[in-house]
2 protein chains.
Amino acid sequence: MLTKSSTELVRQQNSALVLASLRRHGPLAHTDISQHTGLASATVSAITADLERAEVLERREQQAAASRGRPRVIFGQRREAGYLIAVRISSDMVQYSLADYGGTLLDRFEEPRNHADVSTGPFAASFVAALERLVERSQIRRDDVLVVSISSKGLVDPASARLVWSPVFGAQQVDFAALLQPAWRAKILLSNETLLVAHAMASRMEKARVNDLHAVAALSLGHSIGLGIARFDHMGELSVTAPNFGHMLNSADGKLCRCGAQGCIEASAGFYGILRTAFEVPPDTIPAKFVPLAEMDKIALRARQGHRMSEYAFRQAGLALGQGLSRMVSLYETMPIAITGPGTRFFDLMQRGVEEGLAQSQQVRLFGAPPISIVPEEATLALEGHLARALAEMDHDIIAAKAAE
Amino acid sequence: MLTKSSTELVRQQNSALVLASLRRHGPLAHTDISQHTGLASATVSAITADLERAEVLERREQQAAASRGRPRVIFGQRREAGYLIAVRISSDMVQYSLADYGGTLLDRFEEPRNHADVSTGPFAASFVAALERLVERSQIRRDDVLVVSISSKGLVDPASARLVWSPVFGAQQVDFAALLQPAWRAKILLSNETLLVAHAMASRMEKARVNDLHAVAALSLGHSIGLGIARFDHMGELSVTAPNFGHMLNSADGKLCRCGAQGCIEASAGFYGILRTAFEVPPDTIPAKFVPLAEMDKIALRARQGHRMSEYAFRQAGLALGQGLSRMVSLYETMPIAITGPGTRFFDLMQRGVEEGLAQSQQVRLFGAPPISIVPEEATLALEGHLARALAEMDHDIIAAKAAE
DNA sequence: ACTTTTTTCTCGACAGTCGAGAAAATAAAT
DNA sequence: ATTTATTTTCTCGACTGTCGAGAAAAAAGT
């Protein structure tokens, strides 16, 4: 069902356009905004005046009058217009970051997590305390935090901001919105971490002016396997999703996954799956809760030295990934794939398996294998995704609020 | 990249809204249009006057003055505003239909196809001739045909209207746009047939006011396996795709598919796959080009009488379908699935396999199995989809043309 | 003939975009 | 020091669109 349009919505859309172009290109002058957005000069004047009045934009001093003529007036986001907190929850630590409306990082700290402790109660308490600490240290009023963006591995219900299933807490759901509900007026966003990576990759490619790009996928390799898909819809808007890739059925081979099912991709390609195969543990053994990276490095070393079973384990992991990706491109479309996460350092051992798995579908035989790139800095990308998503949300909310009155 | 908005676009969007509501609810009076679209009465007046001037809408006589007060003026699409031709290409025949802008069927005929003949040359000739015959019989000017909507099983490139891979022509591509290019000014649409079924199912559910429906999938069972996914995006617009489901990797079991790969879903669940298993033919045997439905009925009869291998063949087909669907819902989301096609009559034999396959993923264990309904009349649905898609396209084009001048 | 009722049509107010040209502000030239 | 050239921002009027309110139209009831 389409919705009706009105002149007010036009202004909203065009305001969003101005803010978005400022996000992409940094502070800009009137003329540049007009150029980038395609809006008439008069329109840009009206919109910037509006946003200035709302204390969202501010005029920046320009460095030197480069050319002659009337000096440009540079507009930029007013940094103090709002703040965001990004929280990355991983199995061994939680990282808290504070950034302002301009997207500059103000503060950050990490808290170690005890992987043995899977109860949500203590976690919730330390979570709330950490947020409190963050605003206090930076002398920011709690109500100026407009967005709290949280990410975790696992399955997320984006609508309700609830963690449906995570490697950290299992099926114990955590309702983050409820945790912060009365005290914080910030909007709570909860995303799968690899979704954010995909978002960041899409933003990067957009900035790099990669044209005729419809979609990008991000694949995260680690203890668990995550997939994020970012696609530009027919309106040119980006929509990202994090399908349940790691626990998609790979093959009914009886390999027990920590989710309780058998034959998930993760049961073959997650760290614990690789370890199990390498050590010839029966495939229905209950998976290890956590595999230290050093342990994986040892297996990789042996594989590189020619140890058959270790080699085979990585090869099987690659095969499962390749088959899963071949299914993904069959069900979506052929798109570039960026592989991130700690597992990338073993990719040489998996590559042939991946290629073999990919080749097993008509889609790949017809359109070729998707281009695969390795992007190890997962943490950087995830934070980049947090910022991109949260700032876009803030822009959107600010404009909507301005329209409401 | 967002695009700029303007007052003219507002009118375009709202005009589209009016036409869409007329499509959904049939001819309507001024008041009803205002009600359904949410537009102000004055706006509806302006838009209908516009469309009347463009000879797109016409006033209909109302039957009896039901209530007192000023009689209503009923607006409806002017049937003669344009025509569309729908062409359904299947392995054994080609069906040509002609309909007017109001969506009423004017003419239809079928031409048998020789499945042995896979050359595209004779087909192209008879295709063009049939279209010619259709407009001639109905006394319609060729240039009044605004859309030719073609469907086939197989893989389609929606952008270029080219058949990339089809069970009928294999990898021989047919460029329909080129066939009709100089003589016909109509826009050529090419869709996968199951995509149209999914579109029709989505339209039906929309009409039946099924709320909070995000998506629906259609699965077509027959000699080949097709899947269509219809989803409502965040703007409420419907976007349908036909992924390469039938030739997605099911399991590396070596079953040869007619696409040349091994282990496709179709190699287990297509008619030829079922036949091969039932007759205990080696799985790497080159598949039969065409399996008559009567042959399948015989196998089904034996299966129902307890013949082990026939039973097993259907069970395996169901398993492959269930596993494929479990992967589909893992990569998209849990959504209702409508099963169509000649294969539905054997669904009782496959059902347990489907359920078993579906259960093998975390997605299903967390959110339950997707609701499955059987809708045998595939041909009706496909034509319904053709009309829905072609008429929407015509509405869109008419409005765009009016805006251009 | 008059009233009631229902629906369509019209008018003025308001919001937004756009193009053109005025105004501003600076560097270079005289 | 003043003038000129240049570049950018700002402002004005025209145009397109939506909306609410009330006028006008057209029938049935009294």
Side-chain angles (χ1 to χ4, degrees), chain A residues 2-18 27-54 57-76 399 402-405, chain B residues 2-18 27-54 57-76 399 402-405:
Chain A
L2 298 166
T3 54
K4 72 170 176 175
S5 191
S6 63
T7 49
E8 283 89 352
L9 277 182
V10 170
R11 168 55 66 90
Q12 247 183 284
Q13 163 103 8
N14 287 341
S15 298
L17 199 58
V18 168
L28 293 177
H30 181 104
T31 320
D32 300 325
I33 296 176
S34 167
Q35 183 116 34
H36 285 125
T37 58
L39 295 167
S41 161
T43 309
V44 174
S45 283
I47 290 175
T48 51
D50 241 33
L51 293 175
E52 233 180 324
R53 214 171 313 119
L57 293 187
E58 66 183 3
R59 288 153 188 268
R60 294 278 165 77
E61 300 312 314
Q62 73 217 323
Q63 42 285 49
S67 66
R68 72 189 200 175
R70 178 170 175 169
R72 304 179 141 211
V73 177
I74 309 289
F75 284 103
I399 289 173
K402 221 168 52 54
E405 206 53 26
Chain B
L2 297 167
T3 55
K4 72 169 177 177
S5 191
S6 63
T7 48
E8 284 88 352
L9 277 182
V10 169
R11 169 56 65 91
Q12 249 184 281
Q13 163 103 8
N14 286 341
S15 298
L17 199 58
V18 168
L28 293 177
H30 181 105
T31 320
D32 300 325
I33 297 176
S34 167
Q35 182 117 35
H36 284 124
T37 58
L39 294 167
S41 161
T43 309
V44 175
S45 284
I47 291 175
T48 51
D50 241 34
L51 293 175
E52 232 180 325
R53 213 171 315 117
L57 292 186
E58 66 184 3
R59 288 151 187 269
R60 294 279 165 77
E61 299 312 314
Q62 74 218 322
Q63 42 286 47
S67 65
R68 73 190 198 172
R70 179 170 175 170
R72 305 178 140 213
V73 177
I74 309 289
F75 284 102
I399 289 173
K402 220 168 52 54
E405 207 51 26

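Letters go in sequence order (proteins before strands), and every chain restarts at 1. Atom set for the values below is all heavy atoms of this structure, side chains included, hydrogens, waters and symmetry mates excluded.
- Annotation: the span from L9(A) atom CG to L9(B) atom CG amounts to 12.0 Å, rounded to 0.5 Å.
- A donor-acceptor pair under 3.5 Å links the side-chain atoms of S15(A) to the main chain of R11(A), judged by distance alone.
- Residue Q13(B) places its CD atom among more than 12 non-hydrogen atoms of other residues, nucleotides or ligands, all under 6.0 Å distant.
- Scored by the salt bridge (Lys or Arg N to Asp or Glu O under 4.0 Å) test, E52(A) finds R59(A) as partners (sequence neighbours excluded).
- Within the nucleic acid shown, A29(A) comes within 4.0 Å of sugar-phosphate atoms alone, with no base atom in reach, counting heavy atoms only.
- For the pair R68(B) CZ and dA28(D) P, the interatomic distance rounds to 10 Å; values are reported in whole Å.
- A donor-acceptor pair under 3.5 Å links the side-chain atoms of S34(B) to the main chain of L39(B), judged by distance alone.
- Annotation for G76(B) and R60(B): closest pair C-NH2, 3.8 Å, computed over non-hydrogen atoms.
- In this entry the distance linking CG of D32(B) with P of dT6(C) reads 14 Å, nearest Å.
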What nitrogen or oxygen pairs link the protein and nucleotides 22-24 of chain C at under 3.5 Å?
unit_1: dA24(C); atom_1: O4'; unit_2: R70(A); atom_2: NH1; d: 3.3

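- One can place CD of E52(B) at 12 Å from P of dT8(C), the figure rounded to the nearest angstrom.
- Here dT9(D) is the nucleotide among dT9(D), dA28(D), dA25(C) with the atom lying nearest to any side-chain atom of R72(A).
- Taking every side-chain heavy atom of H30(B) into account, dC9(C) is the closest of dA27(C), dA26(D), dC9(C).
- Rounded to whole Å, the distance from CZ on R60(B) to C1' on dT8(C) is 19 Å.
- Atom CD1 of I33(B) and atom C1' of dT18(D) are 16 Å apart (whole Å).
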Footprint string (nucleotides 11-20 of chain C, 5' to 3'): B base within contact, S backbone only, - free, heavy atoms under 4.0 Å: ----BSSBB-

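- At the heavy-atom level, T31(B) lies under 4.0 Å from the strands shown only through sugar-phosphate atoms.
- Atom CG in D50(A) sits 11.5 Å away from atom CG in N14(A) (nearest 0.5 Å).
- When all heavy atoms are compared, the tightest approach of P27(B) to I74(B) is CB-CG2, 3.6 Å.
- Closest approach of T48(B) and L57(B) over heavy atoms only: CG2-CD1, 4.3 Å.
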